[in-house]
Visitor: 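Got a structure for you, written out below as structure tokens; questions coming shortly.
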Number of protein chains: 2
Amino acid sequence: MGRWEPDARGRMIRAAMELFAERGFEQTTAGDIAERAGVTERTFFRYFADKREVLFDGSPELVQAAHDAILAAPAEAPPLEAALAGIVAAGGILEGRRDHAVRRSRIIAATPSLQERELLKLAAMVDTIAKALHERGVDEPTARLAAHSAVTVFQLAFERWVSAAEPPDFASCVAETAAALRALR
Amino acid sequence: MGRWEPDARGRMIRAAMELFAERGFEQTTAGDIAERAGVTERTFFRYFADKREVLFDGSPELVQAAHDAILAAPAEAPPLEAALAGIVAAGGILEGRRDHAVRRSRIIAATPSLQERELLKLAAMVDTIAKALHERGVDEPTARLAAHSAVTVFQLAFERWVSAAEPPDFASCVAETAAALRALR
DNA sequence: GCGCGTGATGTCAGGGACTGCCATCACTAC
DNA sequence: GTAGTGATGGCAGTCCCTGACATCACGCGC
């Protein structure tokens, strides 16, 4: 299956990350990204539903990993524990590309419009996790509660993982955050 | 301090809710809303930062109520309990306008772009609650964890409150959801 | 009553996000 | 080599949103 230059999608993603980091998201035009990637603006919008989406390319894989890990968790694991197994699995995908994750999260932190999109992706993760728990036989209210809690742990563990000077592994960030959550009163 | 017709903001909000309910958010242009409200599109954008914002007018008051209630909670209340007091206070503002809240939430549920904005507002609530807890002397990681948990309770309690056939009071929805959260293991 | 200042509104021009439509190109299969 | 297929380019158009400037209604001092 041929094409002009290979990996147009990857080129656009890299171009976007560079430009967003250099001059900021709002100061970067979709045409700018396309130009640096060597394609047309029209092509950009064929790959990405909108300008923000270019930063959220791997999101479905993350969610899928969480889903699979939850269904693979031991049957006797309680809901929150199973959900956290999913979080750890999702984090595992990031593990190899901490550098990229750090730059990406800096860009998002600087732009409310991108934060919105990130929150929407996290909400999708909540839904998927709740669905997976429900498939395990957890009643729906409990599943949704556990899913929300697990994604909260994901968010806070991610921040910890990203901001630590000495890069720890994601799983231990999750463990620490989860312990703090259980200690809440 | 006079003006043409009074309450331009209110007219635009009502016009937007009507139109969004009638034909949907994306099928409604900013010009449509302005026209029905008897103003210009330009005026619409002077009142609201963007087309979505017209549905989130009372948001700061909600957040402020939560903040104040948290600072007013008994000093010996543990973090999560104080945060939940804030949630109940925020819910109290909605109490009198359940009808409006229901219609609004239906519109938002039908539009991803509006869900994004809602999630951003909830994130702002998380930040404010965490800040309030921190002012009470709670250490920051715990404060953020409790804030996230409290807002999760808000979301799920709100859904319960909105979807119940026989309208219960918001506070008891919060109590039930919070109990389920504490039962999570 | 009357001009004046002030704030809200209207008008206009324009850039950027996105979409639909159609032409064109590279590559594949026959 | 030719037809088919999928990716791309080009173009027109709508809508979102903004800046700049004119205009209007009102309160105020006189």
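The sequence lines fix the lettering, A, B, ..., with proteins before strands; numbering per chain opens at 1. What you see is a predicted model; the values in this text were computed from it and never measured.
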Visitor: For the side chain of Arg46(A) and the base of dG6(D), is some donor closer than 3.5 Å to an acceptor across the two?
Guide: no

Visitor: Whole angstroms only, please: what is the CZ-P distance between Phe48(B) and dT9(C)?
Guide: 11 Å

Visitor: Base, sugar-phosphate, or nothing for Thr40(B), non-hydrogen atoms under 4.0 angstrom?
Guide: base

Visitor: Between Glu35(B) (CD) and dC16(D) (P), how many Å, whole number?
Guide: 13 Å

Visitor: Ignoring the backbone of Thr43(B), work out which of dG10(C), dA17(C), dC15(D) is nearest its side chain.
Guide: dG10(C)

Visitor: Within the side chain of Thr152(B), is there an N or O that forms a donor-acceptor pair under 3.5 Å with the backbone of His148(B)?
Guide: yes

Visitor: Starting at CZ of Arg42(A) and ending at P of dG13(D), how long is that distance when rounded to a whole Å?
Guide: 16 Å

Visitor: Specify the separation, in whole Å, of atom CZ of Phe44(A) and atom C1' of dA7(D).
Guide: 17 Å

Visitor: Heavy atoms from C-beta onward define the side chain here; which of dT8(D), dT9(C), dC16(D) lies closest to that of Ala8(B)?
Guide: dT9(C)

Visitor: In whole Å, I'd like the distance from the CZ atom of Phe45(B) to the P atom of dC12(C).
Guide: 18 Å

Visitor: To the nearest Å, how far apart are Tyr47(A) OH and dT8(D) C1'?
Guide: 9 Å

Visitor: In whole angstrom, give the distance that lies between atom CD of Glu53(B) and atom P of dC16(D).
Guide: 15 Å

Visitor: Classify the angle between the aromatic ring planes of Phe170(B) and Phe154(B) as parallel (below 30°), tilted (30 to 60°) or perpendicular (above 60°).
Guide: tilted

Visitor: Thr28(B) near the nucleic acid: base, sugar-phosphate alone, or nothing, with a heavy-atom cut-off under 4.0 Å?
Guide: sugar-phosphate

Visitor: For the pair Glu118(A) and Arg52(A), find out whether any cationic side-chain nitrogen is under 4.0 Å from an anionic carboxylate oxygen.
Guide: no

Visitor: Which atom names give the shortest non-hydrogen contact between Ala85(B) and Ala69(B), and what distance separates them?
Guide: O-CB, 3.8 Å

Visitor: If you compare every side-chain N and O of Thr29(A) against the phosphate oxygens of dA17(C) (OP1, OP2), does one of them come in below 4.0 Å?
Guide: yes

Visitor: Could you tell me which residues satisfy salt bridge (charged side-chain N to carboxylate O under 4.0 Å, His left out) with Glu22(A), sequence neighbours excluded, listed by chain and number?
Guide: Arg36(A)

Visitor: Roughly, in whole Å, what's the span from CD in Glu41(A) to P in dG13(D)?
Guide: 17 Å

